[in-house]
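Below is one structure; the comments refer to it alone.
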Amino acid sequence: MASVWTRSAARRVLAVAALTFREARRRWVVVAAAAMTLGYLALYGAGLYFASRDIAGGAISSMDEVTIKMIGAQMLSLGLFPSSLIVGLVAVFSSVGSVSGELDSSVAHGPLTRPIRRSEYVLGKFVGLAAMLTVYSLAVMGSVVGLAVGFMDAPTDNLAAAIALFVLEPLILCGVAVFGSTRLPTLANGVLCTALYGIGFIGGVIEQIGSIISNQVMLNIGIVTSLLLPVDAVHRKAVTELLPSGVLLDPSGGGVSFGASAVPSGWMVAYAVAFPLIMILLGMRVLQKRDL
Amino acid sequence: MIIHTEDLTKYYGCKLGNDRICLSVPEGHIFGFLGPNGAGKSTLVKMLVGLIHPTSGAGEVLGRPLGDTSARKRMGFLPETFRYQGWLTPAELLAYHGRLLGMEASQIGPATIDVMTQVGLADELRTKIRNFSKGMQQRLGIACAMLSGPELLFLDEPTSALDPLGRRHVRELLLGLKAKGTTIFLNSHLLSEVELVCDSVAVIDRARIVASGSLSELLTGPCEVEVFLAEPFRPAEETLAGVRGTLLESAPERLVIGLPDAEAIPALVAALVHEGTRILGVERRKRNLETLFIETVSEEQHG
C-alpha cells in the first residue's frame, strides 16, 4: 500500500476529488436541498423566535429556569432529526450515480484511460463528495445548534464531538452509495441505499423501544441494522453527546436516545468511523475487477 | 512493436467478443482496424487501453502489459462515445486530464493551446462544452487524446461526427502526427479515410481477425483488366489461353479479363488486336479497401 500513496497518486486523487466537489455543488439535488434547507431553517428559526419571545416576555410566567432549559434542549433535539434526515438524503442522492453515472454516459472512459488507478478514481470521487457533504452538514447542523442556542439558550454538552458525529452520518451514506455505484445502475443503487437508510432508522427505533421494555431480541435487531448501516446509531450517539443528560422533557423527538442502554457503544462508533472506509475499499475492489 | 497481442480473447458471459487476436503494430505506423458493426473492434480497443480485462491471452502496449497504468502516460485515447462534462470549458477539461497525466501546471496551459489550435478550436477555450456541436466535441476529444504529446494514439471512429471538411482536417492532422513519429491505432468505418492515411490494416469479423497486413500487400490482388471495345466482340478461347487469361465478364462492348500479372497486359492487347477487334481503352482494375473489406467479410460469412 505504501507505494500506492505516492505524491503523484495523491495529486490524481485530488484532481478527481476537486472536479467531483465542483460537480456535486452543481447537482440539482444539492441545489434543491440547499433551497429547502434554507426554508426549513427559516421555519425552525421562526418557531424558536416565537417561543423565546414568549418566555422572555413573561408570557409563560410559571416556568422556572430548569424548565426553560428543558424546552430549549427539546427544541434543539427536535431540530436535529429532520436536519439529519435532509443531510442523509442529500448524501444518498448526490452519491448514487457518482461512478455508475459516469460509466453509463461514457464520461469516465476518458479519465480511466489516463495513468490513474481505478482505486484512486473511486477514492477521489468519495473525497470530493465527502468534502461537499461535510461543508453542507456543518452548515445545517451548525445553523440548527446556533439557532437553538441563540434563541432558546439551549444547553449543549460536548459540542465538538456531537458535530463530528453529525458530519459522520452523511459520510457513512456517501460511502455506501459510492460503493453501490461501482457495481449497480444509478437508479437501483438509489433505491437500495434509500431502503437501507430506512431499515437502519426503523432498526434504531426498534432498538430504542427494546431498551425501554428490556427486550433483548429488539435490541439485537437494532444492533444488526446498525451493523448494516450505522447512521441511526451515530445520530443517537451525537444527540447524547450534544445534550446534557436529564434535560429532555419527553424522548419523543425522533432519533433522540430513549435511555442509556440504547446509546451506541464506543465499539459501534469506531465501527461507524471505519464503515465508509470499508465501503470505499470494497468499491475500489469492485471497480478494479469489472469491465467498463 | 508498439502493440503486440497473442491469442487475446474476450468472452462476455457466453458471448465471444474477441477470439484469439494476434496483432502487431509497428512503431510510427497508422494502423487501421476495420470490421462490420458488432465484429469486436471496440472490444479490442478497450482491452488495449485497459478498460476491459481479457479472458485469456496476453498483450503489450508500449512495452508494458495490458492494463498497466504507467504506459498510459505515453498514450491517448478518443473513445467512440466521446462524452465530457458539459458544464466544463475545454480549458478546464484539459487541465483535469493534464493533472491526471501528471503534467505540471506550467505545462498544461501551453499544451492546451497547442492541441486546441491543432484541432481548430483555439477560440473556444472558454466556451462551455455543452454549447459545442457533436463535431466540435469530437475534435475536442482528439485534442484531449493528444494533450501530452503521446507516442501512441487510439482513435475510435475519430471522424464519425465530422463534415467532409472536418474529416479532411483530421486526416491532415493524423498525417502530421505520423510525420512526428506518433503511432496511431485508427478504428474506423470510413474505409476511404483509412485507405488514405493507413500504412497497415487488420479486418475483424465475428470476433476474429480475417485479414491483416500492409495496405499495399492487401490491395495487390489478382490482375484484372477492363477492355473497352468499338463494337461487340467475344475473344476466342485460344486467344485468351495464349496469354493465360480468363474471361471474367463480357458485355457487348466491354470485357473484363483476369491475367496472371500486369506483365501480360501488352500481350493481351496485341492478341485482341490481332484477332481483329478495335480497342478504345484498357484499364487495370484497382482493388480498393472497400472491395477488400466486402470480399473478406462476405467470404467469412458465406464460407
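Residue numbers begin at 1 in each chain, while the letters A, B, ... track the order of the sequences.
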Query raised in the report: Taking C-beta and beyond as the side chain, do Asp156(B) and Lys41(B) meet within less than 4.5 Å on heavy atoms?
Result: no
Query raised in the report: Heavy-atom distance under 4.5 Å to chain A: side chain of Leu78(B), backbone, both or neither?
Result: neither
Requested in this report: Check whether Glu23(A) gets within reach of chain B through its side chain, its backbone, both or neither, counting any heavy atom under 4.5 Å.
Outcome: both
Requested in this report: Give the ring-plane orientation class for Phe77(B) versus Phe154(B), where under 30° counts as parallel, over 60° as perpendicular and anything between as tilted.
Outcome: perpendicular
Requested in this report: Flag the one option from Ala108(A), Ser8(A), Pro111(A) with the top tally of heavy-atom pairs under 4.5 Å to chain B.
Outcome: Pro111(A)
Query raised in the report: Using the ring of each side chain (for Trp, its six-membered ring), is Phe81(A) parallel, tilted or perpendicular to His235(A), with breaks at 30° and 60°?
Result: perpendicular
Query raised in the report: Are Thr183(B) and His29(B) linked by a side-chain donor-acceptor pair shorter than 3.5 Å?
Result: no
Report task. Sort Ala95(B) into side chain, backbone, both or neither according to what part of it lies under 4.5 angstrom from a heavy atom of chain A. Result -> neither
Query raised in the report: Do Ser42(B) and Glu80(B) have side-chain N/O donor and acceptor atoms under 3.5 Å apart?
Result: yes
**Report entry** Check: Phe275(A) ring centre within less than 6.0 Å of Tyr271(A) ring centre
**Finding:** yes
Query raised in the report: Does the side chain of Thr186(A) pick up a donor-acceptor pair with the side chain of Ser100(A) at under 3.5 Å?
Result: yes
Query - Least distance between heavy atoms, Leu168(A) atom then Pro276(A) atom - result: CD1-CG, 4.5 Å
Query raised in the report: Between Tyr136(A) and Ser94(A), is any side-chain donor less than 3.5 angstrom from a side-chain acceptor?
Result: no
Query raised in the report: Does anything in residues 285-292 of chain A get under 4.5 Å of chain B by heavy atoms, and if so which residues?
Result: Gln288(A), Lys289(A), Arg290(A), Asp291(A), Leu292(A)
Query raised in the report: Is any residue of residues 57-73 of chain B within less than 4.5 Å of chain A by heavy atoms, and which ones?
Result: Thr69(B), Arg72(B), Lys73(B)
Query raised in the report: Are Thr43(B) and Tyr12(B) close enough that a side-chain donor and a side-chain acceptor fall under 3.5 Å?
Result: yes
Query raised in the report: Around atom OH of Tyr11(B), are there more than 12 heavy atoms of other residues, nucleotides or ligands at under 6.0 Å?
Result: no
